[in-house]
Amino acid sequence: MSAADWGAPDTPVLVEPLAGSDRPAHYLMAETLDGLYAPYALRLPDGPGPHPFVLVAYGNGGGGMGWLHDRVHRFRHVTDVLLDAGYACAWVRYRTEVELGYQTGGAMRSTVRQGMGLLSRAPLEYEDEVAILRHVAVHPAIDGDRLFHVGVSHAGEMLFKLLSQYPGLLRAGVAAEPASHELLTLRLDDVPTVTSDGGLRDIESMEIRSTERARARVADPDEVSARLDGVDIPVLVLGRDEDELQGIFRLTYELLAEKRADAEWRSWSHDVHGYIYPESDADGVAQVDDVQREALAAIVDFLDRHNT
């Protein structure tokens, strides 16, 4: 690869086959807002395109290429399902989450100093998704007007953070089990900190199963309303019936539904957080149960209804 090709949307740094599939993963690098690079692994369906595209994300950031490679192979089933439905798709990786970075950092402002870039703050993890979406949008096999987002857990909240500050990028999105405590300005004074983590909050110790309890914790309703005003697309919010944060998931939907009639909600009973991403074995055979099949079918149906 020449220097001129580095970062080109149609020039992968690696093309890797997947067991039992003729649709490989094309590893690409998107230049982020501060000039670093975020990797993603694009897979293309059959046919010439241009294809609609689904960004697939999970959880907090970090882990780099090793994490991405594992997801591409061990959690490939969601991409197989999307490919069969005619969607290009990519597992993506982004920088590590910053505790309350969205809450305290505000919207990004940029200018030029001495002929080079100057930012009002460091980019955050959802802005790496912005960079990837902009990068893949100009790929010759992708229809840049039909971009979608599927995110689980923290990545479900990231979808809303992205929409609140960067309108016009996406056609529709799925927020599965969205850990939206920061988006919703939830009071977490009673959440313990973890000394070994330098006093950061132990979010995983929270238990907010009821919507009423979650709603009572909202510290700044006006700010939450303003953030959700930025949601310019249909969003399907998915819950998990027995999850300890089901109240947050449901409140995210309810507050959005007050703004948009096209907001949707589904929830299933399952014992795995992130159940919409079934694992596959080394031969690429997915371990999928009936709930996961139904949930993935609902996601494809939602995407199809907005892929026009």
[X] vs [Y] side-chain heavy atoms within contact, under 4.5 Å:
X	Y	value
Lys259	Ser225	yes
Leu170	Phe148	no
Leu169	Leu147	no
Pro234	Glu264	no
Leu124	Val98	yes
Val138	Asp10	no

Is the closest basic N to carboxylate O distance between Arg213 and Glu207 below 4.0 Å?
-> no
Should Asp145 and Arg171 count as an ion pair when the cut-off is N to O under 4.0 Å?
-> no
Donor-acceptor pairs under 3.5 angstrom involving side-chain atoms of residues 23-36: please list them, not counting sequence neighbours.
residue, atom, partner, partner atom, Å
Arg23, NH1, Asp84, OD1, 3.2
Arg23, NH2, Asp84, OD1, 2.9
Tyr27, OH, Glu16, OE1, 2.8
Thr32, OG1, Asp34, OD1, 2.7
Thr32, OG1, Leu36, N, 3.4
Thr32, OG1, Leu36, O, 3.1
Thr32, OG1, Arg95, NH2, 3.4
Asp34, OD1, Arg95, NH2, 3.3
Asp34, OD2, Arg95, NH1, 3.2

Selection residues 279-307 - residue pairs positive for ring-ring contact (aromatic ring centres under 6.0 Å, His included), sequence neighbours left out | Phe302-His306
What pair of heavy atoms forms the shortest contact from [X] to [Y], and how long is it?
X	Y	answer
His135	Gly7	NE2-O, 2.5 Å
Ile248	Ala214	N-CB, 4.1 Å
Leu236	Leu238	CG-CD2, 3.7 Å

Salt bridge (Lys or Arg N to Asp or Glu O under 4.0 Å) contacts touching residues 290-303 (sequence neighbours left out) | Arg266-Glu294, Asp290-Arg293, Asp301-Arg305
Rounded to the nearest 0.5 Å, what's the gap from [atom1] on [X] to [atom2] on [Y]? Could you check?
X	Y	atom1	atom2	value
Leu188	Glu182	CG	CD	10.0 Å
Gln103	Leu183	CD	CG	9.5 Å
Cys89	Leu42	SG	CG	7.5 Å
Asp22	Asp46	CG	CG	6.0 Å
His51	Asp143	NE2	CG	10.5 Å
Leu163	Asp232	CG	CG	6.0 Å

Single-linkage hydrophobic cluster, 4.5 Å side-chain cutoff, [X] and [Y] together:
X	Y	result
Met65	Trp67	yes
Val150	Val288	no
Leu83	Val78	no

Would you find a donor on one side and an acceptor on the other, under 3.5 Å apart, between the side chain of [X] and the backbone of [Y]?
X	Y	value
Ser120	Arg109	yes
Arg146	Thr308	no
Gln287	Val285	yes
Arg93	Leu68	no
Thr185	Asp220	yes

Quick one: list whatever passes ring-ring contact (aromatic ring centres under 6.0 Å, His included) with Tyr94, sequence neighbours left out.
-> none
For Phe160, the ring-ring contact (aromatic ring centres under 6.0 Å, His included) test, sequence neighbours excluded, returns none
Under 3.5 Å, side-chain donor or acceptor atoms of residues 52-63 against the rest of the protein: list the pairs with distances, not counting sequence neighbours.
residue, atom, partner, partner atom, Å
Asn60, ND2, Glu97, OE1, 2.3

Return yes if a side-chain donor-acceptor contact under 3.5 Å exists between [X] and [Y], otherwise no.
X	Y	answer
His273	Ser153	yes
Glu177	Tyr275	no
His154	Glu125	yes
Arg250	Ser267	no
Asp289	His270	yes
Tyr87	Thr79	no
Glu127	Tyr166	yes

Salt bridge (charged side-chain N to carboxylate O under 4.0 Å, His left out) evaluation trace for Asp80 with Arg43 = CA-CA 9 Å; Asp80 286 340; Arg43 298 184 70 195; 2.8 Å; yes
Within 45° of the axis and under 6.0 Å from the centre of the six-membered ring of Phe75, does NZ or CZ of Arg71 qualify?
-> yes
